[in-house]
Amino acid sequence: MSLDAYIQACEERFAADTKYRRRLQRELFNTDAHQSIQRTLEAARFEAAIRRTA
């Protein structure tokens, strides 16, 4: 493998890793946001249930 081919392969790998890392961060953010929304909904339901019984 020539040096140029090796450098190109490294650059492609870096680009793929960067793209993968961005996707992973987006998925983790979406998961965190989803969990936050779920917790908020659960808290609202809990409050509504407390008010009903009181």
Side-chain angles (χ1 to χ4, degrees):
M1 181 185 259
S2 72
L3 183 59
D4 289 337
Y6 177 74
I7 290 172
Q8 184 178 355
C10 287
E11 287 172 347
E12 287 170 5
R13 173 74 195 272
F14 177 76
D17 283 353
T18 303
K19 193 173 173 183
Y20 172 74
R21 207 171 299 120
R22 270 198 214 109
R23 196 183 89 215
L24 199 61
Q25 283 177 331
R26 192 167 51 245
E27 286 173 6
L28 287 173
F29 171 77
N30 288 342
T31 302
D32 287 346
H34 178 72
Q35 287 175 350
S36 175
I37 290 166
Q38 288 297 104
R39 281 195 291 269
T40 304
L41 287 173
E42 285 171 22
R45 284 190 204 113
F46 180 73
E47 263 184 50
I50 296 276
R51 285 196 191 124
R52 255 184 264 128
T53 56

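Keep in mind that this is a model prediction, so the values were computed, not measured.
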Show every salt bridge (charged side-chain N to carboxylate O under 4.0 Å, His left out) that has at least one partner inside residues 10-19, sequence neighbours left out.
R13-D17
Donor-acceptor contact present, side-chain S36 to main-chain D32, <3.5 Å:
no
Run the side-chain contact (heavy atoms from CB on, under 4.5 Å) test against A43 and tell me which residues pass, sequence neighbours left out.
none
Under 4.5 Å between any side-chain heavy atoms of R26 and F29, yes or no?
no
Can you tell me which residue pairs pass the side chain to side chain donor-acceptor pair (under 3.5 Å) test with a partner in residues 37-50, sequence neighbours excluded?
E47-R51
